[in-house]
Amino acid sequence: MLVDPRASLFLLDLPLEFLDIDASSTEVTKEPNMFKKLFYLILIAAMGVVLWFAFGIWIRLYSVYSFPPSKENPKGVTLIVRREELEPKFNSPDYKAPKRNEKKEGMGWSSSSGRSKIPLNFRTVVKLPYVEWAYKKSLQPQEID
């Protein structure tokens with residue numbers, strides 16, 4: 001928006017030197033517009049991150065691990081972790097894995113059940129506050145690939 005600063009001065013009959021206005025500048029700065037664009041950029045980036053983690057949980061790239069409040073951790077915590085093989089989407093310390101009927105055939109070199117698991121703190125991607133519905137979801141029966 002172009003504004004001539006001299007237009008309002010004609011109404012007051014004041015000289016430009018008296019008001020300390022730069023007569024060569026005819027543009028009004030648009031700082032609020034810059035903040036608005038920055039806000040939208042941050043909002044879009046945050047939505048992208050949320051959608052990425054939702055998609056990662058859906059395709060079983062990540063798992064949600066919930067620790068309920070306890071003596072060691074009174075507030076509880078929810079972690080988004082890289083999923084390991086045979087781990088459910090929603091997990092907790094109280095989760096009871098179903099019994100699997102595995103028949104060992106051949107040498108068994110293709111099964112990874114003998115492989116040591118990576119500790120949870122090395123697999124943690126995001127640490128969130130305790131989310132109760134995720135903990136309750138981990139107690140429900142789930143499909144395991």
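Residue numbers run from 1 in the order of the sequence given.
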Are F90 and I80 in one and the same hydrophobic cluster, where Ile, Leu, Val, Met, Phe, Trp and Tyr link if side-chain heavy atoms are under 4.5 Å apart? yes
Drop me the distance from L38's CG to L43's CG, to the nearest 0.5 angstrom. 11.0 Å
Could you list the donor-acceptor pairs under 3.5 angstrom formed by side chains in residues 69-77, with sequence neighbours left out?
from, atom 1, to, atom 2, distance (Å)
S70, OG, E72, OE1, 3.3
S70, OG, N73, N, 3.4

So, S66 side chain and T78 main chain: donor-acceptor pair closer than 3.5 Å or not? no
Can you name the side-chain hydrogen bond (donor to acceptor under 3.5 Å, both in side chains) partners of S92, sequence neighbours left out? S138
Salt bridge (charged side-chain N to carboxylate O under 4.0 Å, His left out) with K37: which residues, sequence neighbours excluded? none
Can you give me the closest heavy-atom contact between I57 and K89, atom names plus distance? O-CE, 3.7 Å
Which pair of non-hydrogen atoms, one from F67 and one from Y130, has the smallest distance, and what is that distance? O-CD1, 3.3 Å
Please name the pair of heavy atoms, one in R60 and one in R83, separated by the smallest distance, quoted to 0.1 Å. O-CD, 3.2 Å
Are V49 and W58 joined in one hydrophobic group, where the rule is that I, L, V, M, F, W and Y side chains link up if heavy atoms are under 4.5 Å apart? yes
Where I118 and R123 come nearest, the two heavy atoms and their spacing: O-NE, 3.3 Å
Show the nearest heavy-atom pair for residues Y65 and E87, with the distance to one decimal. CD1-OE2, 4.2 Å
Single-linkage hydrophobic cluster, 4.5 Å side-chain cutoff, Y40 and F35 together: no
